[in-house]
Amino acid sequence: MAKSKDHEVVSSLGQPHRALLFELKGEQTAEDGNAATVTTELFAALSLEEIIAYVRRRQQSTEILELKVLGEVQVLSSSEHLA
């Protein structure tokens, strides 16, 4: 059974956690401020708020253009936020 920072990834019934699959389209500005690149990334998370917090914390130069839910997935390994 996998663990992440003292949290079990698999529930007591042996079922993996479910998460939403998000597609994020964002615009990253270059460090010089002149060029912008549009990127598309996929994330599995429990909520929209979790994705927004992640982008604000880890990808501060990214402006979110579009964020949509593609479906639901089973999470076999996770960060500490899923447990």
Side-chain angles (χ1 to χ4, degrees):
M1 187 174 338
K3 288 192 175 188
S4 175
K5 292 194 179 187
D6 299 326
H7 297 288
E8 292 184 1
V9 174
V10 179
S11 70
S12 61
L13 298 175
Q15 298 295 325
H17 287 281
R18 292 204 171 280
L20 296 173
L21 182 62
F22 291 91
E23 179 184 74
L24 179 138
K25 289 186 182 181
E27 185 176 73
Q28 285 186 320
T29 53
E31 290 182 19
D32 61 7
N34 292 333
T37 305
V38 175
T39 61
T40 301
E41 299 181 72
L42 296 176
F43 294 94
L46 295 176
S47 68
L48 178 66
E49 291 82 10
E50 186 178 355
I51 297 297
I52 292 170
Y54 175 84
V55 170
R56 286 184 178 159
R57 189 173 51 249
R58 300 278 174 106
Q59 301 175 4
Q60 296 173 359
S61 64
T62 299
E63 179 181 346
I64 298 173
L65 301 175
E66 182 179 337
L67 187 59
K68 61 183 171 180
V69 177
L70 299 178
E72 191 174 86
V73 294
Q74 288 185 354
V75 180
L76 300 177
S77 64
S78 69
S79 69
E80 65 274 7
H81 301 290
L82 291 176

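Distance check: I51 CD1 to E23 CD gives 12.0 Å after rounding to the nearest 0.5 Å. Taken to the nearest 0.5 Å, the CZ atom of F22 stands 14.0 Å off from the CD atom of E41. Note that the CD atom of Q74 and the CG atom of L21 stand 13.0 Å from one another [nearest 0.5 Å]. Rounded to the nearest 0.5 angstrom, F43 CZ and L48 CG are separated by 12.0 Å. Annotation: the span from L24 atom CG to T62 atom OG1 amounts to 7.5 Å, rounded to 0.5 Å.
For the side-chain contact (heavy atoms from CB on, under 4.5 Å) test, residues two or more places apart in sequence or in another chain that qualify with T37 are T39. With sequence neighbours left out, S47 forms a side-chain contact (heavy atoms from CB on, under 4.5 Å) with E49, E50.
The minimum heavy-atom distance linking A19 with A45 is given by the pair CB-O, 3.6 Å. When all heavy atoms of R56 and Q60 are compared, the closest pair comes out as O-CG, 3.0 Å.
L67 and L65 fall into different hydrophobic clusters, where Ile, Leu, Val, Met, Phe, Trp and Tyr side chains are chained together by heavy-atom contacts under 4.5 Å. L42 and L20 are members of different hydrophobic clusters when ILVMFWY side chains are connected at heavy-atom separations under 4.5 Å.
The list of salt bridge (charged side-chain N to carboxylate O under 4.0 Å, His left out) pairs with a residue in residues 58-67, not counting sequence neighbours, reads E66-K68.
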